[in-house]
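Throughout, a chain's letter reflects where its sequence line sits, starting with A, and its residues are numbered from 1. Not measured: the values here are computed from a predicted model. The basis for the numbers below is simple: all heavy atoms, side chains too, and nothing from hydrogens, waters or symmetry mates.
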Amino acid sequence: MLSRSWRHLCRRYSQAVTFRTTENSPSQHNEKQEGLFYTMNPDLCKQLFGHGGFPKSFQLQTKTFTETAIMVRQPALDLMNCIRASDMDKPVIRYVLYGEKGTGKSLTIAHLLHYVHEEGYLIVHVPWVSEWLRRVPRHKEMSNSQTREGLVDLPLDAAAWLIHFKSQNQTLLKSGDLKISKDYVWSKRETTEAGAPLAALVEHGISRVKYACDVVDALVDELKILSTNKQCKTFVAIDGFNSFFYPLTRLNTPTKKKVKPEEVTLTNSFLKLTNNDWSNGAIVVTADQLAVPDDHQESYLPRYLLYKKGFEHLDPFVPIEVGRYNEKEFLCCAEYYRDRLWLRGPKEIETELKFTSACNPYRFMEQCAPL
Amino acid sequence: MSLFIRNYKPNSLATVYNTKLWRLNSTTTDSALKKDEEEEEFRVLDILKKRERFQRRVVRRTDIQPDRADRMATDQNWGNVWPGPKTFHPSSVPLPLRQGYVPKGQAPPGKKANAELMKIPNFLHLTPPVVKSQCEAIKQFCTEWPSLLNSEEAIEKHYPVEVITSDYCHASPTIRNPLARIVTLRIKLSTLNLDKHSKDKFIRLVGDRYDSTTDLVTITADRCPARAQNLDYVNYLLTACYHEAWNVEEWEKDKTEDDMEYYDWNNNTSKKALVNWHLQTKNENRTLNDDEYKAFDTSEIPYAEEYKNAVSSWFNDGESDATVKNYGEVVRKLFGLPEKK
C-alpha cells in the first residue's frame, strides 16, 4: 500500500514538470507556456465564475479534478497581446472569437477574464446570451417594459446578471471611486442621485427586481461614460453573442406573440455597449454555433452566425479563430488527463484517441471519460 | 405427289412402290392384280421376315454445294456483297463469328442458325471503304468550307449561337425517337449586346440557366412534339429574354442594397463604420448624412483600400477561412495591432 502510493507520488512528480506551468498569473503568460496548464486560485475562481462563466461540462470536470486548470492557448495569448498593444484613446476594439463546437471559445474568455481581472479592468461579462433568449424554464419572468414602449423586460435574468456583475467586480465597486453622472428617477420615492457610487445603482437593481432591466441600461451608459473619462478600464465579454441576431427568440408574450431579440430590453442594452462609441476598454464576443438552433449551424464562420446585421453592427472587428488542439497541446492534455486519472491504459491509445476525437478538445474529454 | 417424291428411290424397288401407289388409288384393280401374282408363284411363308431385314434403306445424300462464305474471293468488293442494312446472314459473312451465352468452359455457338447474331443490329454495310466511297459520291453536292472560318474562335465569333440536337439510329419498327425533339440553345452572354442593367436583368430572368463560370446561357426546350417547333420556341425564348432585359420597369427603382447582385462597399454600412471610426480617432464629432458618407474620400485613412477589398471579397467571394483570415490581417493593420503568430 505504501509502495503503491509512493509510486503514485513519484509518477506525479515526474510528470508534473512537463504539462504544468507554475506561472499562475495570466499577465505573465507568453509563448513559452503555450499548451501548458495553469491552476486558478479557487477563491478567485469562485469570485469570477461563481455565477456562471464556465461551460457546464468544464464546471463538472473542475469538481472531478478538484482544481481549475486552464490551458494556455494561442488565441488567448494573441488577444492579450492585442489588448496590451491597443491604443486606449481610440475607440474600443471589438474582437470576435469563432471556431467549431467545443474548441474552447468560452474557456478562452475565462482565461482572458482572469487576465483582465489582474490588470484591474472593470468586467462586464455575459456568461451565455442564450440563457436569456433561448432557455425558457417553467416560470420565465417576463413583463412589458415601463419605460420603453413595445419592449419586453426579463427582470429576474437582469437581476441575476447584476449579482454576477457585482461579484466579479467586488473590489472595484467597494472602493466607491466610480460615481454616477446623472440622476435616475425610478418612481416617486426611489431615485438614484448623481454622484452616488456605482455600487448603489447595482444594489438598487438587485433589491428592486422590477427595475433591474432599466438599471442594466443605466449601468451600460454609466460604464461608457466612466471609461471614456478614464476613471476605469472596462472589459466586455459576451459569450454566444450571435444569439442577439437570430431572427426569433423562444420567448412568448402572454398574448402568445413571438418575441424578436431586438424587442428585449437586455438586447438593446448590450448592443449599445458593443458599439464602438466609447474608449479605454476592450470587447470580446463569441460567435457560437451552439447559441442558435440546429437549423443555423451549418458553418462556424462569423458572418454566417452573426448574419449581415450582426456583422454590420460589429464591423470593423478582429476575428480570432479558436482551433483544435495542435500536436503539443494534445500531448499536454493527454498527460494532464493521465495525471488526473481521467485517462488510463497503455500509451498507444493516445494516437487512437487523437484520431477519433480529431483533436477537438471537447470530444477528447468526452471520449476519455469512460477510459 | 409429295408422297411419291418422298419415297422415290432410284433402284429396282421403284416399280413396286409405283404399283403400291397406284393400288391406293384404285381398290378394284388392286384385287385383280393380286390375283395375277397369286397365279404366278406360291407365296413363301417367311416367318423370320429375313428378306425384309436385309432390305435396308440405302441413304444417299443429294449433292450439297459448299457454303457461299467459303467460296468468296479474298479481294472481293465487300460493298457489293452487303450493300445495305440487313439482318445477319451466316453464309454471306466470311467471318468466324461466335455469339451466345454458354456455361463456363464451353465455346459460344457458331454463326450458323444463331439467333443471337440475328437479333443484334449490325453495321456490316458501313465499313470504312464503303463510307469513303459514298462520301466521294456525294461530294459533288457539297460546297467548300469558308476559308475565314479556320479556327474555333472565328466560328464562335461569327456564329455565337450554338444549337444542339441529337439524332437516334436504331433497329426497331419505327425510326422516330422521342428524344430527337429536344433542342438546346447555347450562347455566350458576352456576345449579347447588353449594358450593366440589362445584363443583370437578363441573368435574373434566365435564372439557373446561366453558368457564371463559363459565361454560357443554356436554354433547353422539349415541350413541343417536333424538333422544328422546339427550335422556334428556343429562339423565341432568347429573343424575349433579350428584349425584356432592356426594358426598365417602374418598380425597378425600388431596388435596395439587399437586392444588389454584388456587394458595393461604398454604398454599405461598412464604409459608414470605417468613416465613423476614423472621425472618432481624430476626435471629430460630426454626423454625416448618407450622401456625405458615400462621397467621403477614404484615401486619407491608412489601409482603407485594403480594408475595402477585404470586406468586398468576404461578401462577394463567399465566406471562407481565407477571406476571414485576410480580413483579420487587414483590420489588425488598420488598428495597429500586432500580427498574429
Side-chain angles (χ1 to χ4, degrees), chain A residues 30-32 34 73-100 228 274-280 282-283 287 298-323 326, chain B residues 256-260 263 265 267-287 293 298 301-304 306-341:
Chain A
N30 55 31
E31 271 66 43
K32 277 179 210 152
E34 197 190 332
R73 294 190 69 194
Q74 179 58 44
L77 293 175
D78 190 21
L79 258 168
M80 288 177 200
N81 272 340
C82 288
I83 291 173
R84 265 182 226 126
S86 56
D87 186 350
M88 285 301 177
D89 294 329
K90 283 187 180 172
V92 64
I93 296 172
R94 275 88 49 105
Y95 304 90
V96 174
L97 290 173
Y98 69 100
E100 291 166 42
T228 312
T274 47
N275 271 332
N276 63 349
D277 53 0
W278 54 286
S279 60
N280 199 15
I283 300 174
E298 280 154 37
S299 157
Y300 64 88
L301 294 170
R303 205 197 77 76
Y304 174 77
L305 287 174
L306 288 168
Y307 290 90
K308 195 174 178 192
K309 199 174 142 204
F311 180 87
E312 281 167 357
H313 178 78
L314 290 177
D315 185 62
F317 62 87
V318 182
I320 290 175
E321 185 178 11
V322 183
N326 61 25
Chain B
T256 61
E257 201 54 46
D258 288 337
D259 304 323
M260 284 301 281
Y263 183 88
W265 185 74
N267 300 338
N268 265 287
T269 41
S270 181
K271 181 169 182 182
K272 273 186 208 173
L274 183 73
V275 171
N276 279 341
W277 175 82
H278 178 66
L279 293 178
Q280 278 178 39
T281 51
K282 292 205 305 185
N283 281 326
E284 283 178 45
N285 269 330
R286 55 181 172 133
T287 45
Y293 274 121
T298 51
I301 311 172
Y303 302 110
E306 291 172 36
Y307 175 74
K308 174 189 169 180
N309 293 339
V311 177
S312 307
S313 91
W314 191 341
F315 278 88
N316 288 331
D317 305 342
E319 188 175 33
S320 68
D321 257 346
T323 48
V324 178
K325 290 251 158 64
N326 179 31
Y327 174 81
E329 280 167 22
V330 172
V331 172
R332 274 164 198 254
K333 277 184 205 162
L334 188 72
F335 289 155
L337 295 177
E339 297 275 311
K340 196 189 173 196
K341 272 152 212 142

Mind checking the CG-CG spacing from Asn276(B) to Asp277(A)? Nearest 0.5 Å is all I need. 9.5 Å
Could you note down all residue pairs passing salt bridge (Lys or Arg N to Asp or Glu O under 4.0 Å) where residues 83-99 of chain A supplies at least one of them, sequence neighbours left out? Asp89(A)-Lys230(A)
Contact part of Ile320(A) toward chain B, heavy-atom cut-off under 4.5 Å: side chain, backbone, both or neither? side chain
Under the criterion side-chain contact (heavy atoms from CB on, under 4.5 Å), I'd like the reasoning laid out for Cys82(A) against Arg332(B): C-alpha separation, chi angles, the key distance, then a yes or no. CA-CA 9 Å; Cys82(A) 288; Arg332(B) 274 164 198 254; 3.7 Å; yes
Would you say that Ser86(A) contacts Phe335(B) through its side chain, given a criterion of any heavy-atom pair below 4.5 Å between the two side chains? no
Does this structure show an ion pair linking Glu321(A) with Lys325(B), if we count only N-O contacts that are shorter than 4.0 Å? yes
Smallest heavy-atom separation, Val331(B) atom then Phe317(A) atom, equals CG1-O, 3.2 Å
So, the side chain of Gln280(B) versus the backbone of Pro91(A): is there a donor-acceptor pair under 3.5 Å, distance only? no
Using the test side-chain hydrogen bond (donor to acceptor under 3.5 Å, both in side chains), find all partners of Tyr263(B) that sit at least two apart in sequence or belong to another chain. none
Give a yes or no on this: more than 12 heavy atoms of other residues, nucleotides or ligands lie within 6.0 Å of atom OH of Tyr303(B). no
Go through it in stages, so that I can follow the logic: the residues are Trp314(B) and Asp315(A), the test is side-chain contact (heavy atoms from CB on, under 4.5 Å), and I'd like the CA-CA distance, side-chain angles, deciding distance and then a yes or no. CA-CA 12 Å; Trp314(B) 191 341; Asp315(A) 185 62; over 6 Å; no
Best-contacting candidate, Val318(A), Ile83(A), Leu301(A), against chain B by heavy atom pairs under 4.5 angstrom: Leu301(A)
Heavy-atom distance under 4.5 Å to chain B: side chain of Phe311(A), backbone, both or neither? side chain
What part of Asp321(B) is in contact with chain A, defined as an atom under 4.5 angstrom from a non-hydrogen atom: side chain, backbone, both or neither? both
Looking only at heavy atoms and a cut-off of under 4.5 Å, which of Arg303(A), Glu312(A), His313(A), Lys308(A) has the most pairs with chain B? Arg303(A)
For a quick test of reading the model, state the closest non-hydrogen atom pair linking Tyr327(B) to Pro316(A) and the distance between them. OH-CA, 3.4 Å
Report, as yes or no, whether the 6.0 Å neighbourhood of atom NZ on Lys282(B) holds more than 12 heavy atoms from other residues, nucleotides or ligands. yes
